[in-house]
S.K.: 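Got a structure for you, questions after.
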Amino acid sequence: MIRSSALLAGAAALAALAAPVHAEEADPAAIVGLQFAVSGNHKGVRASGAKGICLKGTFTPAADAASLSKAPQFTKTVPVTARFSMGGGNPKISDKTKATTRGFAMRMADPGGDMTFVIISAPVFSTKTPAQLEEFLKVRVPGPDGKPDADKIKAFAAQNPETGRQAAWLNARPVPASFAGTDYWAVHAYTLTNAKGDKTVAKLKFVAADKAGLSDEELKTKPDSFYADELKERLARGPARFDLVAILAKPGDPTADVTATWPEEERQTRSLGALAITGIEPDATCDAATFDPVVDLPDGIAGPADDPMFAIRSPAYAVSLSRRSN
């Protein structure tokens, strides 16, 4: 069910905070406040994903998707509301920024329960606990000169080396030529349950059908905001397509650390279906509701019970929605 107000989002936040998974490690409001401070305290925008574009599409399940999950989205084609975005709370961030994730939020609607994902263009997140995220942000808050303290950032990175994995991964790859030209990962480990009660732990990945990156020379020719126009031109020619793939866990794969990768080339994969982004929607379609990947999951798929970064999402998103709605 779509939450169309900050009040309902706040109720979801309270429910998430009551969960036993370490949401108490850090204050969601403090984290959101720091996200805004790092990005320049812009008004009326998201704490992360401030610059983005709202979309519509459809999801069609693979023929045998129901053998892994009994979620209704894996039994029939369903409508999708989605949003591509640039990471961070700066609505003026350049699309050419390299060490920033591209975001992809989506809600696959069904009367039996919506399925919502908030995914990024890297297989890992920047921090593994809410408390670590809070410290990660604190050292990046600009000082009186408008710049963060480089020595503080360096010291934090030395004490928390795992927090550099995401940036290293992004810097080792070209800037995507399009929001639709890169893969996206739901970095958490999900449990899929079929009608027989069989459970499968997997990470989920949306694989772009038309991947493309920009060389340094190509990047120089692009304006700071080219993704929206590129996407409009692309969708005028036909849908942007992604395959949803389940990367199946092996015993010992970490499920509580989103800074750790599973070696995909060594894991079995299963196709769950095809996502087609077909058009652009007014911003209001996406702005009125929270894409909540914690609360909005139907029977047949569940987020991790041992991952504190999953639990913190719901209350943090609710705080962000409240701030930009008031």
Side-chain angles (χ1 to χ4, degrees), residues 31 35 38-39 46-52 82-90 93-106 116-130 132-133 136-137 140 153 156-157 160-190 202-214 219 227 240 242-247 249 253-267 269 275 291 293 303-304 307-310 312-313 316-317:
I31 289 175
Q35 287 178 306
V38 168
S39 299
R46 290 166 171 80
S48 186
K51 183 181 184 181
R83 187 175 183 268
F84 285 130
S85 64
M86 291 291 293
N90 181 4
I93 187 174
S94 172
D95 294 349
K96 300 191 288 184
T97 307
K98 195 167 195 176
T100 295
T101 54
R102 280 66 185 159
F104 194 6
M106 70 189 72
T116 300
F117 297 114
V118 180
I119 57 182
I120 58 174
S121 60
V124 292
F125 194 61
S126 56
T127 56
K128 61 183 179 181
T129 68
Q132 190 179 55
L133 174 59
F136 179 92
L137 293 167
R140 286 165 170 77
I153 294 175
F156 177 83
N160 302 270
E162 66 277 7
T163 63
R165 292 172 186 166
Q166 184 189 86
W169 194 93
L170 293 166
N171 281 323
R173 289 159 177 79
V175 169
S178 168
F179 274 137
T182 187
D183 297 340
Y184 293 87
W185 286 260
V187 295
H188 306 286
Y190 287 80
K203 287 198 173 183
L204 304 179
K205 179 181 179 180
F206 286 79
V207 180
D210 185 20
K211 282 188 280 289
L214 295 171
L219 205 58
Y227 278 156
F242 295 83
D243 290 327
L244 174 55
V245 174
I247 303 164
D253 280 341
T255 60
D257 182 358
V258 286
T259 69
T261 57
W262 298 358
E264 295 180 18
E265 66 280 1
E266 300 174 13
R267 298 292 176 271
T269 60
L275 173 67
F291 290 94
D307 181 353
M309 290 303 295
F310 186 73
I312 200 73
R313 282 179 176 262
Y317 293 170

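Residue numbers start at 1 and run along the sequence shown.
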S.K.: Has the side chain of Arg102 got a donor or acceptor atom that lies under 3.5 Å from a matching backbone atom of Thr100?
M.R.: yes

S.K.: Measure from the ring center of Phe206 to the ring center of Phe242 and say whether it is less than 6.0 Å.
M.R.: no

S.K.: Give, for atom CZ of Phe104 and atom OG of Ser85, the distance between the pair rounded to the nearest 0.5 Å.
M.R.: 10.0 Å

S.K.: Side chains of Tyr184 and Met106, heavy atoms from C-beta outward: is any pair under 4.5 Å?
M.R.: no

S.K.: For the residue pair Lys51 and Asp95, establish whether any side-chain heavy-atom pair is separated by less than 4.5 Å.
M.R.: yes

S.K.: With rounding to the nearest 0.5 angstrom, report the CZ to CD distance, Phe136 to Gln35.
M.R.: 10.5 Å

S.K.: Can you confirm if the aromatic rings of Tyr190 and Phe117 lie within a centre distance of less than 6.0 Å?
M.R.: yes

S.K.: State which residue, out of Asp307, Thr259, Leu133, fulfils the side-chain contact (heavy atoms from CB on, under 4.5 Å) condition with Lys128.
M.R.: Thr259

S.K.: Nearest 0.5 Å, please: how far is OG in Ser121 from CD in Gln166?
M.R.: 7.5 Å

S.K.: Would you mind reporting whether Trp169 and Thr261 have side-chain heavy atoms less than 4.5 Å apart?
M.R.: no

S.K.: State, yes or no, whether a side-chain contact exists between Leu170 and Thr101 at a heavy-atom distance under 4.5 Å.
M.R.: yes

S.K.: My understanding is that only residues two or more places apart in sequence, or in another chain, count here; which of them pass side chain to side chain donor-acceptor pair (under 3.5 Å) with Asp243?
M.R.: none

S.K.: So which of Phe125, Phe310, Trp262 actually passes ring pair (Phe, Tyr, Trp, His ring centres under 6.0 Å) with His188?
M.R.: Phe310

S.K.: Please round to the nearest 0.5 Å and tell me the distance separating atom OG1 of Thr127 and atom CG of Asn160.
M.R.: 9.5 Å

